[in-house]
Chemist: 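There's a structure below that I have some questions on.
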2 protein chains.
Amino acid sequence: MSENVGRWLRDEIENAILSNEFAPGERLDEMVLASRFGVSRTPVREALMQLNAIGLIEIRPRRGAVVIDPGPHRIYEMFEVMAELEGLAGSLAARRLDQASRQAITMAHKRCEQSAEAGDSDAYYYDNEEFHKAIYAASRSEFLEEQCTQLHRRLRPYRRLQLRVRNRLTTSFSEHCGIVDAIFAGDGEEARRLLRSHVGIQGERFSDLVASMATR
Amino acid sequence: MSENVGRWLRDEIENAILSNEFAPGERLDEMVLASRFGVSRTPVREALMQLNAIGLIEIRPRRGAVVIDPGPHRIYEMFEVMAELEGLAGSLAARRLDQASRQAITMAHKRCEQSAEAGDSDAYYYDNEEFHKAIYAASRSEFLEEQCTQLHRRLRPYRRLQLRVRNRLTTSFSEHCGIVDAIFAGDGEEARRLLRSHVGIQGERFSDLVASMATR
DNA sequence: GTCAACGATTGTGTATACAAGAATTGAATT
DNA sequence: AATTCAATTCTTGTATACACAATCGTTGAC
């Protein structure tokens, strides 16, 4: 339980939304949430305002809060921006790499390798996140790191779906290899290019994602 | 006065921060704000939470809110990300341009030309904003447009400072010409490249900005 | 039988009251 | 004189209460 109830609630409700416990379009009643978490309406409202600012819910004046349903098209747009930001992070990382970042990336990369070989999709999902975060950090741009982390969180559930697609685990890992090579070689433009296509959901990847979303 | 007091206050306080009425580092006392705007603490708190989410202020638990002081380095990082996003917007605009967007860009571009020729820095500041927004819209990616608009707002005061630099008006406008040409020619990669260097603050532009900030 | 209007109910928006933690000030001791 | 500790005060965090807007159901008329 974070320092104040509002932030704790924000995380709690955010997780509930991202894990699809609160479905898109669902209305979030302040009183229901308050009694569910055993608090008053005030911190609930604060949490909702923050989620609204993040873009997870929409608050229509005097009409309450509803979970936003991004829809395939908007999800595509979000991945498009994510790809661009990660590309930038990669190119900066390649230019600015230091010993600590190099180690962090190497470690995360090795963990991904193990999970991929074991075919453990859940483990890879987690390790993959650490890998990408290591690249954000290696960019040595705090603002970029924040933006990437925030967007990554919003896209988390869809990234998870992506990994369920057949052979995606090994494909993903082999792409990681190229990215690591480019960054370690100091080739910023190559790192950017590889990360963009790794993160983006061009062509069949997009239809794969839509298909996974439907069969959920 | 927007539909609810909270949002109105958010805009009000945001403007006060961006126009430097509330200086970076300054502490925002909830009671003071409440009495200043003639409301209770509740909507003030809601406004502060939103500003916190936007990244304009920092709320430390039980210790109140302070206006964030970005500092030159962080501002540089923000422009770096902004350049990347605008570059993406430009490349998408070049590929997806339709008649309406083309007209909007042309009009904004002409306005910029007039203001630049008149040497009217304030008018150019406004027209320039419209020009960039027209490109965001032309990207036909709502999410990207939102992200660009939001970041543009946060950088607004510094963009304004930039324009004060000698000859920056004409330089800026001639860069616009190239950007418009590339977009209208459907050359996405050229548009991206030009926008990146137009928005970014590499080299002497950065020191110019820092210098302007100091003499404010 | 359907549509519209009015009332009841539910839920949000704002204010106020109360509790708890942090900062500051003052005194006492070294 | 300086430093530390304690107490008071000030501000934030949470709860509760009240007011008003929106929605839904019911009733009546066409």
Side-chain angles (χ1 to χ4, degrees), chain A residues 1-18 20-70 146 150, chain B residues 1-18 20-70:
Chain A
M1 187 144 153
S2 186
E3 355 220 353
N4 62 17
V5 183
R7 298 186 183 197
W8 170 65
L9 273 177
R10 168 173 60 77
D11 295 340
E12 210 67 24
I13 299 174
E14 180 178 0
N15 287 334
I17 292 175
L18 294 182
N20 229 309
E21 187 182 344
F22 294 143
E26 185 172 338
R27 184 156 169 198
L28 298 176
D29 189 306
E30 296 177 355
M31 294 263 279
V32 172
L33 290 171
S35 57
R36 163 169 173 168
F37 292 105
V39 295
S40 82
R41 274 181 55 218
T42 309
V44 170
R45 284 181 61 78
E46 295 194 341
L48 291 181
M49 309 237 57
Q50 294 182 59
L51 293 174
N52 178 59
I54 294 174
L56 273 176
I57 67 174
E58 186 186 356
I59 297 181
R60 294 163 307 179
R62 296 224 162 258
R63 300 185 60 203
V66 294
V67 179
I68 283 187
D69 180 9
E146 288 167 19
Q150 197 176 320
Chain B
M1 184 142 154
S2 187
E3 355 219 355
N4 62 19
V5 182
R7 297 186 183 196
W8 169 65
L9 275 176
R10 168 172 61 78
D11 295 340
E12 211 66 24
I13 300 174
E14 181 178 359
N15 287 334
I17 292 175
L18 292 182
N20 230 314
E21 186 182 343
F22 295 142
E26 185 172 340
R27 182 154 170 202
L28 299 177
D29 189 304
E30 296 176 357
M31 293 260 281
V32 173
L33 290 171
S35 59
R36 163 170 173 168
F37 293 104
V39 295
S40 80
R41 274 181 54 217
T42 309
V44 170
R45 284 181 61 78
E46 294 195 341
L48 291 181
M49 309 238 56
Q50 293 182 61
L51 293 173
N52 177 59
I54 293 173
L56 272 176
I57 67 173
E58 185 186 355
I59 298 182
R60 293 163 307 178
R62 298 225 164 257
R63 302 183 60 202
V66 294
V67 179
I68 282 188
D69 180 10

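Convention: sequence-line order gives letters A, B, ...; per-chain numbering from 1.
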Chemist: What string of B, S and - do you get for nucleotides 8-18 of chain C, 5' to 3', when a contact is any protein heavy atom under 4.0 Å?
Modeler: ---SBBBBBB-

Chemist: What pairs with E146(A) under side-chain hydrogen bond (donor to acceptor under 3.5 Å, both in side chains), at least two apart in sequence or on another chain?
Modeler: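 Residues passing side-chain hydrogen bond (donor to acceptor under 3.5 Å, both in side chains) with E146(A): R74(B).
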
Chemist: Compile the donor-acceptor pairs under 3.5 Å between side chains in residues 57-70 of chain A and protein atoms, sequence neighbours left out, one pair per line.
Modeler:
{"residue": "D69(A)", "atom": "OD1", "partner": "G71(A)", "partner atom": "N", "Å": "3.4"}

Chemist: Could you give the side-chain donor-acceptor pairs of residues 42-50 of chain B under 3.5 Å, partners two or more places apart or in another chain?
Modeler:
{"residue": "R45(B)", "atom": "NE", "partner": "E46(A)", "partner atom": "OE2", "Å": "3.1"}
{"residue": "R45(B)", "atom": "NH1", "partner": "E30(B)", "partner atom": "OE2", "Å": "2.8"}
{"residue": "R45(B)", "atom": "NH2", "partner": "E46(A)", "partner atom": "OE2", "Å": "2.9"}
{"residue": "E46(B)", "atom": "OE2", "partner": "R45(A)", "partner atom": "NE", "Å": "3.2"}
{"residue": "E46(B)", "atom": "OE2", "partner": "R45(A)", "partner atom": "NH2", "Å": "2.9"}
{"residue": "Q50(B)", "atom": "OE1", "partner": "R10(B)", "partner atom": "NE", "Å": "2.7"}

Chemist: Would you compute the distance between atom CG of N20(A) and atom CG of N15(A) and round it to the nearest 0.5 angstrom?
Modeler: 12.5 Å

Chemist: Quick one, which residues of residues 47-54 of chain B touch DNA chain C with a heavy atom under 4.0 Å?
Modeler: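 The answer is none.
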
Chemist: Could you list the residues that satisfy side-chain hydrogen bond (donor to acceptor under 3.5 Å, both in side chains) with R27(B), not counting sequence neighbours?
Modeler: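 Checked R27(B) against side-chain hydrogen bond (donor to acceptor under 3.5 Å, both in side chains); zero matches.
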
Chemist: Please list, chain by chain and in numerical order, all residues satisfying side chain to side chain contact (heavy atoms under 4.5 Å, CB included) with D29(A), sequence neighbours excluded.
Modeler: M31(A), V32(A)

Chemist: Scan residues 22-67 of chain B for pairs that pass ring-ring contact (aromatic ring centres under 6.0 Å, His included), counting only residues two or more places apart or in two chains.
Modeler: W8(B)-F37(B)

